[in-house]
Amino acid sequence: RTLNETVITVFVLLPLSLAKDLQRLAYTSILGLGVLVYVLFIVIHDSILNSPAEISQDVPLCEWSLGIFEAIALYCHAFVAHYNAPKVF
């Protein structure tokens with residue numbers, strides 16, 4: 001694991017972070033967006049395949065609990081942290 005982290009850091013992240021022109025990062029942003037769309041389609045496809053044949057009153061479509069506030073706080077912090085990573089870490 002340590003070897004993988006070191007290799008990825010030295011050969012992928014370090015050259016990207018030392019770039020003087022941020023235009024080089026446009027390709028990785030497009031790649032990340034493509035992966036995000038791919039994962040979205042996989043999740044939707046999997047949910048369609050594994051959904052029950054009939055939706056009855058016994059199958060909850062959505063359940064609300066107080067855990068939603070923890071999730072919102074986590075998502076907001078993750079969104080802010082990726083932009084302000086040097087300040088957070």
Side-chain angles (χ1 to χ4, degrees):
R1 180 176 180 174
T2 304
L3 178 64
N4 288 338
E5 291 174 356
T6 305
V7 168
I8 290 171
T9 301
V10 169
F11 293 109
V12 177
L13 298 178
L14 186 62
L16 286 174
S17 65
L18 293 177
K20 292 182 181 177
D21 183 19
L22 294 180
Q23 188 63 29
R24 291 179 55 195
L25 297 177
Y27 301 110
T28 57
S29 294
I30 292 171
L31 178 67
L33 183 62
V35 169
L36 181 70
V37 170
Y38 173 72
V39 168
L40 177 69
F41 283 128
I42 293 296
V43 167
I44 292 171
H45 181 263
D46 188 54
S47 67
I48 291 171
L49 286 180
N50 294 324
S51 63
E54 292 182 14
I55 297 179
S56 65
Q57 298 293 359
D58 298 335
V59 178
L61 295 178
C62 143
E63 292 182 13
W64 293 94
S65 67
L66 292 178
I68 190 74
F69 296 109
E70 293 177 16
I72 290 172
L74 179 68
Y75 297 149
C76 290
H77 181 72
F79 180 75
V80 171
H82 89 276
Y83 181 74
N84 296 320
K87 295 178 186 175
V88 173
F89 299 108

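We count residues from 1, following the sequence as given.
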Trainee: Is Val43 linked to Val35 within one hydrophobic cluster, defined over Ile, Leu, Val, Met, Phe, Trp and Tyr using a side-chain heavy-atom separation of less than 4.5 Å?
Mentor: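 As far as the 4.5 Å side-chain criterion goes, Val35 and Val43 are connected within one cluster.
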
Trainee: Out of curiosity, Tyr38 OH to Leu31 CG, how far, rounded to the nearest 0.5 Å?
Mentor: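 Reported to 0.5 Å precision, the distance equals 13.0 Å.
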
Trainee: Between CG of Leu74 and CZ of Phe79, what distance do you get to the nearest 0.5 Å?
Mentor: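 Between atom CG of Leu74 and atom CZ of Phe79 there are 14.0 Å.
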
Trainee: If I compare all heavy atoms of Thr2 with all of Thr6, which pair ends up nearest, and what's the gap?
Mentor: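 The pair with the smallest heavy-atom distance is O-OG1, 2.8 Å.
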
Trainee: So, taking the atom named CG in Leu13 and the one named CG in Leu18, what distance separates them when rounded to the nearest 0.5 Å?
Mentor: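 The CG atom of Leu18 is 10.5 Å from CG of Leu13, to the nearest 0.5 Å.
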
Trainee: Rounded to the nearest 0.5 Å, what separation is found between the CG atom of Leu3 and the CD1 atom of Ile8?
Mentor: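 These two atoms lie 9.5 Å from each other.
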
Trainee: Look up atom OG1 in Thr9 and atom CG in Asn4, then write down how far apart they are to the nearest 0.5 Å.
Mentor: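 Result: 10.0 Å between the selected atoms.
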
Trainee: Identify whether Trp64 and Phe69 are in the same connected component of the hydrophobic contact network (ILVMFWY, side-chain heavy atoms under 4.5 Å).
Mentor: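 Yes, it is one cluster - the side chains of Trp64 and Phe69 are joined through contacts under 4.5 Å.
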
Trainee: Going hydrophobic residue to hydrophobic residue with side-chain gaps under 4.5 angstrom, can you get from Leu40 over to Ile48?
Mentor: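 Yes: a chain of side-chain contacts under 4.5 Å links Leu40 to Ile48.
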
Trainee: Suppose the criterion is salt bridge (charged side-chain N to carboxylate O under 4.0 Å, His left out): which pairs have a residue in residues 1-23, not counting sequence neighbours?
Mentor: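 Sorted result for residues 1-23: Arg1-Glu5.
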
